[in-house]
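Heads up, the thing below is written out as structure tokens.
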Amino acid sequence: MPSTRCTATARWRPTSMGEENHADAVAAVTDPRTVRAMVEDYAASPHVDRAADEADRAAGRLVECPVLVGWSRHDDLEDLYGDPVAVWQPWCRDAVASAVIDSGHHMAEQAPEQLAATLARFLRG
């Protein structure tokens with residue numbers, strides 16, 4: 001019988017995420033319904049989401065509100081996609097603000113104070 005334990009949970013640490021956040025994350029990724037929803041969300045990206053993006057691009061639609069692109073310093077986003085601001089800028093009318101959060105993939109759990117301060121600064125304008 002296959003294990004219900006997500007291999008990613010072995011890398012998550014209560015010390016970096018906080019005990020309660022860690023417990024919530026483990027509970028989520030060991031629930032087959034949550035895992036199915038996560039997979040469906042990722043699966044939509046290259047098909048459903050891509051088609052919507054292409055339609056927006058063809059119609060000349062841009063994001064009209066201020067945009068903050070934030071990413072985790074210790075994750076693989078830049079390795080996979082290059083400069084996140086360069087990816088988003090063509091989609092936005094105005095200059096894109098950026099923030100690198102000193103965390104891994106789970107920035108809200110691993111660096112909540114830095115993330116909250118970054119969002120507050122951005123929202124204050």
Side-chain angles (χ1 to χ4, degrees):
M1 176 175 206
S3 170
T4 59
R5 181 171 166 81
C6 174
T7 58
T9 62
R11 294 188 306 265
W12 298 349
R13 301 280 182 257
T15 53
S16 65
M17 297 177 74
E19 292 286 340
E20 187 176 349
N21 291 328
H22 182 265
D24 287 346
V26 171
V29 299
T30 56
D31 180 338
R33 296 168 301 173
T34 302
V35 173
R36 180 182 174 99
M38 292 167 66
V39 170
E40 287 176 353
D41 180 52
Y42 284 114
S45 183
H47 305 289
V48 176
D49 295 345
R50 179 69 180 236
D53 289 349
E54 289 173 359
D56 284 341
R57 176 86 47 157
R61 287 191 281 273
L62 296 174
V63 176
E64 299 289 333
C65 64
V67 173
L68 170 66
V69 175
W71 64 96
S72 302
R73 179 178 314 279
H74 307 290
D75 202 5
D76 58 1
L77 186 74
E78 288 179 277
D79 295 336
L80 293 171
Y81 301 104
D83 177 9
V85 173
V87 172
W88 275 94
Q89 189 59 66
W91 291 94
C92 301
R93 182 191 63 194
D94 298 324
V96 172
S98 67
V100 180
I101 305 299
D102 192 22
S103 72
H105 184 76
H106 300 279
M107 66 175 72
E109 291 81 8
Q110 295 171 340
E113 294 85 11
Q114 183 187 5
L115 178 59
T118 299
L119 292 171
R121 265 192 313 277
F122 175 74
L123 294 171
R124 281 194 299 268

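A cation-pi arrangement is present between Arg57 and Trp91 under the rule of less than 6.0 angstrom and at most 45 degrees off the ring axis.
Closest non-hydrogen pair, Thr34 versus Ala28, comes out as CB-O, 3.1 Å. Smallest separation of non-hydrogen atoms from Pro84 and Glu78: CD-CG, 3.9 Å. Here the closest non-hydrogen pair linking His105 and Gln110 is N-OE1, 3.8 Å. Nearest approach of Asp83 to Trp71, heavy atoms of both residues: OD1-CH2, 4.5 Å. Minimum heavy-atom separation, Pro90 to Val87: CD-O, 3.4 Å. In terms of heavy-atom proximity, Asp102 sits nearest to Ala111 at O-CB, 3.8 Å.
Note that NE2 of His22 and NE2 of His106 are 9.5 Å apart. Values are rounded to the nearest 0.5 Å. Considering CD of Glu109 and CG of Leu115, their distance stands at 9.5 Å, rounded to 0.5 Å. For the atom pair OG1 of Thr118 and CE of Met107, the computed distance is 9.0 Å after rounding to the nearest 0.5 Å. The NE2 atom of His74 sits 7.5 Å away from atom OG of Ser103, with the distance rounded to the nearest 0.5 Å.
Around CD of Glu20, the count of heavy atoms belonging to other residues, nucleotides or ligands within 6.0 Å does not exceed 12. Counted within 6.0 Å of CZ on Arg50, heavy atoms from surrounding residues, nucleotides or ligands total 12 or fewer; the atom is thus considered open.
A donor-acceptor pair is defined here as one N or O able to donate and one able to accept, closer than 3.5 Å; no such pair exists between the side chain of Glu64 and the backbone of Arg93.
Other members of the cluster containing Val39 are Val35, with ILVMFWY side chains joined at under 4.5 Å, either directly or via other members.
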